[in-house]
Asker: 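Would you mind keeping the following structure in view while I ask a few things?
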Amino acid sequence: MIVPNISQSTIAVADHYDELDPIYRRVWGEHVHHGLWTTGVETPEEAVEALVDAVGDRLHLEPGDTCVDIGCGYGATARRLSATRGATVTGFTLSAEQAQYAAAHAVPDVDIQLSDWLANRLPDASVDAAWSIESSEHMVDKPQFFAETHRVLAPGGRFVICAWLAETDASRWKVRHLLEPICREGRLPSMGTREDYEAMATAAGFTIAGYEDVSRRVSRTWTVCAGRLAKEVLADRETRRLALGARNRIFGLSILRLILAYRTGAMRYGIFTMTKGNEDSGASGPAG
């Protein structure tokens, strides 16, 4: 597990997204996560929605399923999967700005809560499916993140995680100059490897049903974001003010680090599919 040499907290994470909210919405849009390119000719917007749809496919969502979106951002993923799959979704975000945006774009069957997932208060075994798209990295206590998800899932429930991952056995140079700075600048308490995630998931009681490394298909996200940010800095006074004077302005440096981290293999992007076993019969959930 890669851990930066300064502490992070839920307060720091919330402050990061609240302060940089205008930049996130202008540069990333409603979906604050990577895009997934298949043909290479998709627009960035199509690629972002393709990642959401890939999550929905792995979850095998059906109409009426109750779901949780852990680290839901502006609620765009929850709204899309509710609209396209008929799911009822409760989302959790630490950011007051994101929650306010979601409330202004509310739709039936989607409830966005301003709350820490590690203190979610949902009943045991109360949801059919859960997903986390690029939010596990922000979790201060990752084992508890897995434990809480396992607790709230019903037997046979499925869990999909899209995660920024550290290269297994990354060199000291990659850790010092790429991974640790990315964690500091992006308010990530830690960045785990594939093996770290699988060990924590298994310890929480999950069965690993699938894993896919899609690093090559998502890395284009950061060149797109770099171009958009440069244009916004030149064209928009508020973006320029935040880029030069915000407390969290250092995150801008991470865009270049992220491009290099993908190109050198220091960072990977993985999609995990997990199941909670049928505890009444001892059988595992469906693999796929």
Side-chain angles (χ1 to χ4, degrees), residues 1-35 48 69-78 91-104 112-120 132-142 144-145 161-166 178-192 218 221-222 224-226 228-230 232-233 236 238-259 261 267 269:
M1 188 86 72
I2 305 301
V3 180
N5 59 12
I6 61 171
S7 64
Q8 305 288 358
S9 67
T10 55
I11 294 174
V13 173
D15 179 67
H16 172 90
Y17 284 103
D18 285 343
E19 185 184 34
L20 299 182
D21 170 71
I23 291 180
Y24 271 109
R25 284 192 284 113
R26 290 191 180 106
V27 174
W28 276 268
E30 287 190 323
H31 293 274
V32 190
H33 57 70
H34 285 66
V48 164
D69 184 344
I70 304 167
C72 64
Y74 297 108
T77 296
F92 292 83
T93 179
L94 293 171
S95 168
E97 293 290 340
Q98 291 178 349
Q100 183 176 348
Y101 181 93
I112 304 301
Q113 299 188 14
L114 179 61
S115 178
D116 183 354
W117 173 248
L118 301 183
N120 64 77
S132 165
I133 302 180
E134 302 173 36
S135 64
S136 61
E137 303 84 345
H138 288 302
M139 297 291 169
V140 174
D141 187 340
K142 286 182 174 55
Q144 185 64 18
F145 157 75
I161 305 174
C162 298
W164 302 15
L165 302 172
L178 295 174
L179 298 175
E180 285 187 347
I182 287 169
C183 286
R184 286 195 300 271
E185 294 155 7
R187 297 295 183 256
L188 314 180
S190 62
M191 189 187 301
V218 304
T221 298
W222 295 105
V224 171
C225 288
R228 287 179 173 176
L229 181 59
E232 288 293 332
V233 168
D236 182 77
E238 183 178 14
T239 301
R240 190 159 55 248
R241 177 185 65 80
L242 288 171
L244 296 175
R247 292 182 302 280
N248 294 282
R249 65 187 181 277
I250 196 171
F251 179 64
L253 296 176
S254 275
I255 293 180
L256 298 178
R257 292 191 205 275
L258 284 157
I259 292 171
M267 199 173 106
Y269 192 102

Asker: In Å, rounded to the nearest 0.5 Å, how long is the span from CD1 of Ile182 to CG of Leu258?
Answerer: 4.0 Å

Asker: Which atoms form the tightest heavy-atom contact between Pro4 and Arg184, and what is the distance?
Answerer: CB-CG, 3.4 Å

Asker: Could you pull out the closest heavy-atom pair between Ala78 and Asp69, with the gap in Å?
Answerer: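 Looking at all heavy atoms of both residues, the shortest contact is N-OD2, 3.7 Å.
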
Asker: I'd like to know if Arg257 pairs up with Glu185 as an ion pair, taking the criterion as any Lys NZ or Arg NE/NH1/NH2 lying under 4.0 Å from an Asp or Glu carboxylate oxygen.
Answerer: yes

Asker: How long is the gap from CD1 on Ile255 to CG on Leu229, to the nearest 0.5 Å?
Answerer: 5.0 Å

Asker: Is a side-chain donor or acceptor of Glu137 paired with a backbone partner of Trp164 at a separation under 3.5 angstrom?
Answerer: yes

Asker: Could you walk me through whether Phe145 and Ser132 pass side-chain contact (heavy atoms from CB on, under 4.5 Å), step by step?
Answerer: CA-CA 10 Å; Phe145 157 75; Ser132 165; 3.8 Å; yes

Asker: Between Ser95 and Asp18, what is the shortest heavy-atom contact and its length?
Answerer: OG-OD1, 2.6 Å

Asker: Using atom types as modelled and distance alone, determine if a side-chain donor or acceptor of Asn120 lies under 3.5 Å from a backbone N or O of Trp117.
Answerer: yes

Asker: Checking Leu94 against His138 for the side-chain contact (heavy atoms from CB on, under 4.5 Å) test, could you report, in this order, the C-alpha distance in whole Å, the side-chain angles of both residues, the deciding distance, and whether it holds?
Answerer: CA-CA 10 Å; Leu94 293 171; His138 288 302; 5.8 Å; no

Asker: Return the set of residues passing salt bridge (Lys or Arg N to Asp or Glu O under 4.0 Å) with Glu134 (not counting sequence neighbours), or none when no residue passes.
Answerer: none

Asker: Looking at Gln98 and Gly73, what are the two nearest heavy atoms and their distance?
Answerer: OE1-CA, 3.2 Å

Asker: Determine whether a donor-acceptor pair (N or O, by modelled atom type, separation under 3.5 Å) exists between the side chain of Thr93 and the backbone of Ala99.
Answerer: no

Asker: Which atoms form the tightest heavy-atom contact between Cys183 and Ser190, and what is the distance?
Answerer: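 Residues Cys183 and Ser190, closest heavy atoms: SG-C, 4.2 Å.
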
Asker: Measuring centre to centre across the rings, with the benzene-like ring taken for any Trp, is Trp222 within less than 6.0 Å of His34?
Answerer: yes

Asker: List the residues meeting side-chain hydrogen bond (donor to acceptor under 3.5 Å, both in side chains) with Thr221, not counting sequence neighbours, and say none if there are none.
Answerer: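 Testing Thr221 for side-chain hydrogen bond (donor to acceptor under 3.5 Å, both in side chains), a comparison that skips the adjacent residues, returns none.
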
Asker: Below 6.0 angstrom between ring centroids: does that apply to Tyr24 and His16?
Answerer: yes

Asker: For Glu30 and Tyr101, run side-chain contact (heavy atoms from CB on, under 4.5 Å): C-alpha distance rounded to whole Å, both residues' side-chain angles, the deciding distance at 0.1 Å, then the answer.
Answerer: CA-CA 9 Å; Glu30 287 190 323; Tyr101 181 93; 2.8 Å; yes

Asker: If you measure from CD1 on Ile112 to SG on Cys72, what distance do you get to the nearest 0.5 Å?
Answerer: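 Rounded to the nearest 0.5 Å, the CD1-SG separation comes out at 4.0 Å.
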
Asker: Rounded to the nearest 0.5 Å, how far apart are CD1 of Ile11 and CG of Asp116?
Answerer: 10.5 Å

Asker: In Å, rounded to the nearest 0.5 Å, how long is the span from CD of Glu97 to CG of Asp15?
Answerer: 11.0 Å

Asker: Measure across Glu180 and Ile2 and return the closest heavy-atom pair with its distance rounded to 0.1 Å.
Answerer: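 Shortest heavy-atom separation between Glu180 and Ile2 comes out as CG-CG2, 3.9 Å.
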
Asker: Any heavy-atom pair between the side chains of Leu178 and Met267 that's under 4.5 Å?
Answerer: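 Counting from C-beta outward, Met267 and Leu178 never come under 4.5 Å.
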
Asker: Please lay out, stage by stage, how His33 and Cys162 fare under the test side-chain contact (heavy atoms from CB on, under 4.5 Å).
Answerer: CA-CA 9 Å; His33 57 70; Cys162 298; over 6 Å; no

